[in-house]
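Everything below concerns the one structure shown next.
All residue numbers refer to positions in the sequence shown, counting from 1. Hydrogens, waters and symmetry mates play no part in the numbers below; they use all other heavy atoms, side chains included. In this text, all values refer to a predicted model and were calculated from it rather than measured experimentally. All ligand and atom numbering here is 1-based and tracks the order in the structure.
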Amino acid sequence: MSPADPSASRIDLAAIQLEEVGMTFPTSSVPLRVLEAVSLAVRPGEFVSLLGPSGCGKSTVLRLVADILVPTDGRITVNGESPETARRRRAFGFVFQDATLLAWRSTLENVLLPLEISGDASRGRERARRLLDLVGLAKFESAYPWQLSGGMRQRVAIARALVTEPRILLMDEPFGALDEITREYMNLELLRIWQATATTIFFVTHSSPEAVFLSDRVVVLGTRPGRVKLDLAVDLPRPRDPALKETVEFARYTAALRRTLVGETRLE
Ligand SMILES: Nc1ncnc2c1ncn2[C@@H]1O[C@H](COP(=O)(O)OP(=O)(O)O)[C@@H](O)[C@H]1O
Ligand SMILES: [Mg+2]
């Protein structure tokens with residue numbers, strides 16, 4: 001970090017870097033300012049969560065990083081390059097809240113989809129099988145989405161996001177629709193997959209306990225317009241065990257996040 005640099009979050013060779021990013025959506029009435037001067041950085045290999053109330057702009061941040069949207073102000077780099085270049089190089093995979101699997105394709109065929117789009121499917125079959133094994137679905141490669149539980153469908157979505165061998169995974173509330181026990185299990189599975197693949201994970205959630213349990217760092221976004229309210233390093237030992245959630249240290253982190261979120265949440 002250069003001493004003259006005004007942004008404390010700027011780091012060299014960041015996997016993801018946002019500098020003073022602003023986003024305004026045009027609407028039929030007044031333009032909607034969603035993000036204001038958002039600066040944050042995710043280091044290679046790090047697990048960082050973006051936490052905030054519903055509607056504060058979390059998905060917008062992820063879509064900007066993924067080059068689905070272009071920011072109104074500021075600068076974003078992914079592996080030191082523009083989001084557009086990173087997308088072309090397949091630097092990241094994206095997992096949404098809904099697994100968005102194609103109903104008429106088997107598990108294996110769903111995982112192969114990103115490679116088919118780029119014409120690489122013939123070489124990817126072995127890799128897709130290895131990833132299904134990694135996410136615990138080796139026996140389900142011929143099953144169809146309707147034959148899988150919600151947690152299993154999200155595993156397929158994770159394998160599909162990893163099939164192009166991205167260095168970065170962008171995840172937008174991937175376990176938000178799962179029941180609590182399945183979600184806890186998927187959290188553990190995700191940490192195992194993260195360690196096995198050595199990817200960088202940028203994870204959106206509105207759950208403080210989930211953010212603390214998973215992350216090296218939690219960035220809290222406030223609302224109207226979204227700004228970074230807190231960038232909190234989570235100094236808890238790994239590998240993380242669910243029993244950690246019953247400790248005083250864990251409660252201290254969730255309390256700090258809760259205090260930041262209170263006042264940011266508005267009843268609509
Ligand atoms: N394409 C768009 N056009 C207009 N408004 C949008 C668009 N996408 C998101 N918004 C608005 O921006 C705000 C933030 O949305 P979003 O990033 O989805 O929030 P979050 O993911 O934190 O719930 C919301 O008020 C939403 O309605
Ligand atoms: Mg969202």
Practice task
Decide if atom CZ of Phe140 counts as having more than 12 heavy atoms of other residues, nucleotides or ligands within a radius under 6.0 Å.
Solution key: no

Fill in the blank from the handout: Taken by chain and residue number, the protein N/O/S atoms under 2.8 Å from the Mg ion (ligand 2) read Ser59 OG

Practice task
Decide yes or no for Leu169 and Phe202: does some side-chain heavy atom of the first lie under 4.5 Å from some side-chain heavy atom of the second?
Solution key: no

Practice task
In sequence, state the C-alpha distance, the side-chain angles, and the governing distance for Val21 and Arg75, and then conclude on side chain to side chain contact (heavy atoms under 4.5 Å, CB included).
Solution key: CA-CA 6 Å; Val21 168; Arg75 201 169 86 102; 5.9 Å; no

Enumerate, one pair per line, all nitrogen or oxygen atoms of ligand 1 lying under 3.5 Å from a protein nitrogen or oxygen, stating the separation to 0.1 Å; write 'none' if no such pair exists.
{"from": "ligand 1", "atom 1": "17 (O)", "to": "Ser59", "atom 2": "N", "distance (Å)": "3.4"}
{"from": "ligand 1", "atom 1": "17 (O)", "to": "Thr60", "atom 2": "N", "distance (Å)": "2.9"}
{"from": "ligand 1", "atom 1": "17 (O)", "to": "Thr60", "atom 2": "OG1", "distance (Å)": "2.6"}
{"from": "ligand 1", "atom 1": "19 (O)", "to": "Gly57", "atom 2": "N", "distance (Å)": "3.2"}
{"from": "ligand 1", "atom 1": "21 (O)", "to": "Ser59", "atom 2": "N", "distance (Å)": "2.9"}
{"from": "ligand 1", "atom 1": "21 (O)", "to": "Ser59", "atom 2": "OG", "distance (Å)": "2.9"}
{"from": "ligand 1", "atom 1": "22 (O)", "to": "Cys56", "atom 2": "N", "distance (Å)": "3.2"}
{"from": "ligand 1", "atom 1": "22 (O)", "to": "Gly57", "atom 2": "N", "distance (Å)": "3.0"}
{"from": "ligand 1", "atom 1": "22 (O)", "to": "Lys58", "atom 2": "N", "distance (Å)": "2.9"}
{"from": "ligand 1", "atom 1": "22 (O)", "to": "Lys58", "atom 2": "NZ", "distance (Å)": "2.9"}
{"from": "ligand 1", "atom 1": "23 (O)", "to": "Gly55", "atom 2": "N", "distance (Å)": "2.7"}

Handout entry: CZ (Arg167) with more than 12 external heavy atoms under 6.0 Å
Key = no

Handout entry: Single-linkage hydrophobic cluster Tyr185~Met152, side-chain heavy atoms < 4.5 angstrom
Key = no

Practice task
Check Arg125 against Leu108 and note the closest heavy-atom contact, atom names and distance.
Solution key: NH1-CD2, 3.5 Å

Exercise for the section: Decide if atom CZ of Arg192 counts as having more than 12 heavy atoms of other residues, nucleotides or ligands within a radius under 6.0 Å. Expected result: yes

Handout entry: Pair Arg258-Ser208, side-chain donor/acceptor within less than 3.5 Å
Key = no

Practice task
Give the C-alpha distance, both sets of side-chain angles, the deciding distance and a yes or no for ring-ring contact (aromatic ring centres under 6.0 Å, His included) between Phe94 and Phe96.
Solution key: CA-CA 7 Å; Phe94 207 125; Phe96 301 90; 4.3 Å; yes

